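Inspection log for the structure reproduced underneath, given as structure tokens.
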Amino acid sequence: MTFRERVLNVVRQVPRGRVVSYGQVALWVGSPRAARQVGGVLFGLRDADGDVPWQRVVNARGGISTFKVGAGELQVALLRAEGVEVGEAGVDLARWGWDPPPEAWPWTVPPAPP
DNA sequence: ACGTTGACGTCAG
DNA sequence: TCTGACGCCAACG
């Protein structure tokens with residue numbers, strides 16, 4: 001199971017109408033400091049990954065971090081289409097952020113330090 | 001094996 | 001509140 005596969009698995013679990021941050025995804029896949037790499041995975045998404053709701057991943061402040069041309073507007077449009085309120089500063093994580101049940105992440109295996 | 005590269009997060013001003 | 005510097009670490013050449 002590669003890092004990329006774990007990331008996509010997690011993102012696929014995010015319910016419609018909710019959002020999570022890159023940092024949260026990184027935490028759940030077992031690499032708490034790899035938030036940046038999560039972005040890297042989403043950047044490389046292809047059409048074949050159409051079942052991955054990448055638009056539900058935002059930064060720690062609820063802002064849209066996408067820089068790909070058109071992708072930012074697309075992300076906002078997709079989120080609004082599923083009921084998420086997106087303002088100038090992004091979304092309100094306290095309201096739209098998703099708090100997952102820990103038992104729902106079997107692949108999340110935080111290594112026990114000695 | 002090794003250097004570079006960032007859809008990020010955090011902290012000092 | 002807003003900015004810039006820096007650490008982070010999986011891919012990729």
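This is a predicted model, so every value here is computed, not measured. Protein chains get the first letters and strands the later ones, always in sequence-line order, with residue 1 at the start of each.
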Find the distance [X]:[atom1] to [N]:[atom2] and express it as a whole number of Å.
| X | N | atom1 | atom2 | answer |
| --- | --- | --- | --- | --- |
| A/Glu88 | C/dT1 | CD | P | 17 Å |
| A/Phe3 | C/dC12 | CZ | P | 12 Å |
| A/Arg4 | C/dA11 | CZ | C1' | 11 Å |
| A/Arg33 | C/dG7 | CZ | C1' | 10 Å |
| A/Arg46 | B/dA7 | CZ | P | 17 Å |
| A/Leu8 | C/dA11 | CG | C1' | 14 Å |
| A/Met1 | C/dA11 | CE | P | 13 Å |

message: Here's a test of your reading of the structure: between A/Val41 and A/Arg36, which maps to the more 5' nucleotide of DNA chain C?
response: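 It is A/Arg36 whose nearest nucleotide is closer to the 5' end.
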
message: What I want to find out is whether A/Asp49 reaches A/Arg4 closely enough, with some N-O distance under 4.0 Å, to be called a salt bridge.
response: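 Counted as a salt bridge, because a side-chain N and a carboxylate O are separated by less than 4.0 Å.
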
- line: Symbol by symbol from the 5' end, with Watson-Crick or G-U pairs under 3.5 Å, [ ] crossing and | another strand, DNA chain B is .|||||.||||||

- request: Indicate, with a heavy-atom threshold strictly under 4.0 Å, whether A/Arg61 touches base, sugar-phosphate, or nothing.
  value: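 Contact class for A/Arg61: none.
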
task: Answer yes or no: does a side-chain N or O of A/Ser65 lie under 4.0 Å from OP1 or OP2 of B/dC8?
output: yes

